[in-house]
Amino acid sequence: MQLKLFFIFIFISAFVSSKAQLCQGNLGDAVVNINFGAGANPGSPLPAAATSYSYISFDCPQDGAYTVRNNTTSCFGDSWYSLVQDHTGNAGGYFMLVNASFQPGDFYVDTVYGLCPNTTFEFAGWIMNILKPSACGSNGIQPNITFKIETTAGALLQSFNTGNLPADALPTWKQYGFQFKTPAGINDVVVRITNNAPGGCGNDLALDDITFRPCGPVVNATINGDGSNNTKDLCIGDNSSLTFKSVVSPGYSNPAFQWQKSTDGINWTDIPGATTTTFIRTATGTGSYYYRLAVAEAGNINSPNCRVVSNTLNVVVHDLPVTSAQSNSPVCDGTTLTLTATGGVQYKWRGPNSFNASGSPVNINSINQNAAGKYFVTVTTAIGCSNTDSATVSILPKPTANAGNDAGICEGGSTMLNGSGGNAFAWSPSAGLSADNIASPLASPADSTQYILTVTGNNGCKDDDTVAVNVYKKPTANAGPDRAMIERQTIQINASAQGTNIFYNWAPNIYINDPNVLMPLVSPPRDTTYTLHVTSGFGCGVATDDVFIKVYKKVIVPNAFSPNGDGINDVWNIEALDAYPGSDLSVFNRYGQAVYHSRGYNKKWNGTYNDKPLPAGTYYFVIDLNNNALPKLTGWVMILR
């Protein structure tokens with residue numbers, strides 16, 4: 001069957017206002033299943049069809065154009081919703097983005113070949129009006145589409161008008177559908193789509209996941225007459241036969257039936273001879289098996305494109321669990337014995353000294369010699385299949401490790417570790433050690449480190465002990481970024497410092513509220529450099545750093561700059577605004593349209609609007625310093641190119 005992709009996209013638009021047109025019975029497998037694929041932007045153009053719409057390879061198509069993408073971002077001044085994934089939630093999945101033509105009228109006519117006669121079909125898909133309700137002055141154009149299905153001789157089979165499709169408060173995918181019935185002897189139909197709304201500000205759509213499926217009566221299949229659960233779990237050895245039954249509501253004048261099976265729930269094959277509403281499944285080997293009943297008019301049952309199918313029944317035959325009982329034996333006296341098992345969801349243990357426990361793993365703390373022996377576990381799966389295994393445990397005496405006393409060093413220093421208690425020694429981590437396999441290595445770690453000493457006795461049993469080497473970090477000073485202020489203003493220095501057991505002092509000790517805190521308040525009457533001194537309480541040194549306080553008499557606003565990329569005067573630099581982090585700056589063109597706004601002035605204006613260079617000319621500014629003592633500043637600035 002030839003079915004042009006673009007027809008499917010626009011056709012789905014006609015379903016927005018008639019969700020009731022979706023199939024009320026059961027559906028067959030999709031004759032057409034369009035999800036647009038997946039990959040990097042942009043997606044490929046749709047196959048050629050009878051349409052005046054043009055394909056673009058970038059985001060945000062203009063009126064009369066479309067594109068295929070896996071996302072769209074801030075189109076037309078952020079008047080469209082930004083989509084980061086397709087309808088199914090696949091971040092790389094494509095959807096179709098459509099901007100309708102300016103002129104209403106037929107925009108797609110195509111012929112669909114090879115349909116089943118005397119069969120009802122459903123077209124369905126997911127659609128979103130991507131125009132925000134607030135766009136276009138809250139008066140955006142709403143899509144409005146008429147859909148017609150005709151015979152190839154021109155006779156009308158079905159017609160449908162969507163009415164206006166309003167925008168949603170949030171970006172929302174919605175499924176819509178439409179169905180029609182092919183007359184006896186008719187295999188081919190003509191689809192005619194008319195766009196009733198004009199282009200312009202609005203009439204914009206996103207389309208995804210489109211299907212064309214046979215629609216028929218309700219077909220409900222059950223296992224052994226139990227309609228509450230469509231899945232049956234069995235254990236091997238208890239794999240008795242099952243009876244599948246299906247109830248088919250009225251809808252076909254002469255229905256025919258065919259049971260199908262699958263091992264993956266995707267690819268289906270007909271079961272020979274299973275052509276009634278009842279099917280008896282015989283025992284099978286282990287595995288997952290899927291079953292469903294296909295139904296069609298008797299003359300169409302041999303065509304998969306004409307069938308509807310029931311819900312899927314799933315029979316899972318499980319083998320007995322493969323169990324594995326293990327332990328960390330041999331273990332040393334006084335340590336922890338760990339019993340583990342796999343293969344199920346429930347584990348029941350029994351062992352020496354009337355031991356009983358449940359779960360995996362099971363830990364037995366402070367194990368002793370009397371706990372040696374064989375431990376048995378019964379493993380049970382979620383459906384009740386069980387198996388048994390065992391593990392033998394031995395208990396050994398252990399040595400006693402001693403890693404010595406904790407120590408402290410300045411960053412870059414070293415200390416000797418003193419280990420004892422065994423015949424062999426292993427230190428971990430080895431970083432910072434002169435050797436990791438001797439009793440007393442020299443430790444020079446870069447950071448405070450807890451070393452683990454593992455000693456091994458004559459019987460191979462091990463014991464651990466730990467020792468901490470604390471590294472006192474040398475002081476570091478960061479007096480913070482240089483600051484700007486207006487004369488008679490008070491600001492706080494944003495300094496930071498690092499190190500172990502450190503204290504601070506500032507110089508000079510003038511115009512500062514407290515020279516011994518990290519972030520003091522200062523109010524110098526003129527440009528001043530303050531020096532931060534950070535001193536280690538452990539004698540690990542002193543660090544210093546400077547901060548320059550620029551004191552401005554008033555705010556000076558340059559009246560011209562030349563953003564031509566030559567590296568000279570490329571931005572509008574209002575230095576004194578650094579002293580007013582809460583200032584509010586707006587720039588307008590001669591028509592009163594805002595072309596720049598900034599809260600604070602950390603990022604200087606480079607003469608662009610929406611990342612596009614503005615033309616040379618005069619622009620007007622308003623600066624609110626948000627200081628009750630100072631008035632707003634207004635004036636003009638000229639962009640020179």
Side-chain angles (χ1 to χ4, degrees), residues 3-24 27 32 34 46 49-53 63-66 87 95-112 115 120-131 133 135-136 139-168 172-183 186 188-213 215:
L3 185 59
K4 300 269 171 55
L5 187 58
F6 187 77
F7 141 68
I8 294 294
F9 300 154
I10 304 303
F11 166 78
I12 294 303
S13 301
F15 303 155
V16 174
S17 65
S18 184
K19 293 186 180 180
Q21 295 291 327
L22 287 167
C23 183
Q24 302 302 300
L27 292 165
V32 173
I34 305 299
L46 307 182
T51 178
S52 59
Y53 281 58
D63 291 278
Y66 76 95
H87 151 253
F95 54 85
M96 183 183 179
L97 197 61
V98 178
N99 193 331
S101 175
F102 274 103
Q103 298 300 324
D106 289 350
F107 59 89
Y108 192 88
V109 178
D110 200 5
T111 302
V112 181
L115 300 182
T120 299
F121 289 93
E122 177 203 80
F123 286 94
W126 295 83
I127 186 168
M128 180 189 299
N129 184 343
I130 61 172
L131 189 72
C136 309
N139 195 29
I141 300 171
Q142 298 176 344
N144 185 302
I145 296 171
T146 297
F147 171 75
K148 294 180 181 179
I149 298 179
E150 305 168 350
T151 68
T152 54
L156 180 65
L157 297 179
Q158 187 63 277
S159 177
F160 174 72
N161 175 257
T162 67
N164 290 339
L165 308 181
D168 290 304
T172 305
W173 289 102
K174 297 179 181 178
Q175 189 185 41
Y176 304 94
F178 179 89
Q179 55 183 305
F180 72 96
K181 187 173 183 179
T182 54
I186 296 298
D188 308 325
V189 297
V190 174
V191 180
R192 187 181 304 276
I193 307 295
T194 302
N195 176 27
N196 303 309
C201 194
N203 205 6
D204 310 307
L205 306 172
L207 306 168
D208 200 8
D209 294 310
I210 302 152
T211 56
F212 174 42
R213 306 170 69 179
C215 172

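All residue numbers in this chain count up from 1 along the given sequence.
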Query raised in the report: Just checking, any donor-acceptor pair under 3.5 angstrom between side chains of Asn161 and Asn144?
Result: yes

**Report entry** Donor-acceptor pair, side chain of Asn203 and main chain of Ala100, under 3.5 angstrom
**Finding:** no

Requested in this report: Fit a plane to each ring of Phe121 and Phe180, take the angle between them on a 0 to 90° scale, and name the class: parallel (under 30°), tilted (30 to 60°) or perpendicular (over 60°).
Outcome: tilted

Requested in this report: Heavy atoms only: give me the nearest Gly202-Cys136 pair and the separation to one decimal.
Outcome: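 So the two residues come closest at N-SG, 4.2 Å.
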
Query - Backbone of Trp126 reached by a side-chain donor or acceptor of Asp208 within 3.5 Å - result: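 Not a single qualifying donor-acceptor pair exists.
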
Report task. Measure the spacing between CG of Asp63 and CD1 of Ile141 and express it to the nearest 0.5 Å. Result -> 8.0 Å

Query raised in the report: Counting only heavy atoms not in Gln103, do more than 12 sit closer than 6.0 Å to its CD atom?
Result: no

Query raised in the report: Does any non-hydrogen side-chain atom of Phe95 lie less than 4.5 Å from one of His87?
Result: no

Report task. Return the minimal non-hydrogen interatomic distance between Cys201 and Leu131, and the atom names on each side. Result ->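 Shortest heavy-atom contact: O-CD2, 4.4 Å.
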
**Report entry** Where Gln179 and Gln158 come nearest, the two heavy atoms and their spacing
**Finding:** O-NE2, 3.9 Å

Query raised in the report: Looking at Ser159 and Lys148, what are the two nearest heavy atoms and their distance?
Result: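 Nearest pair, atom of Ser159 first, then Lys148: OG-CG, 3.8 Å.
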
Report task. Determine whether the aromatic ring centres of Phe160 and Phe178 lie less than 6.0 Å apart. Result -> yes

Query - Polar side-chain atom of Gln24 near backbone of Leu22 as donor-acceptor pair, under 3.5 Å - result: yes

Query raised in the report: How about Asn195 and Tyr53: do any of their side-chain heavy atoms sit closer than 4.5 Å?
Result: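 The answer is yes, as the side chains (C-beta and beyond) meet within the 4.5 Å cut-off.
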
Requested in this report: Side-chain contact test, heavy atoms from C-beta onward, threshold under 4.5 Å: evaluate it for Asn129 versus Pro143 and give yes or no.
Outcome: yes

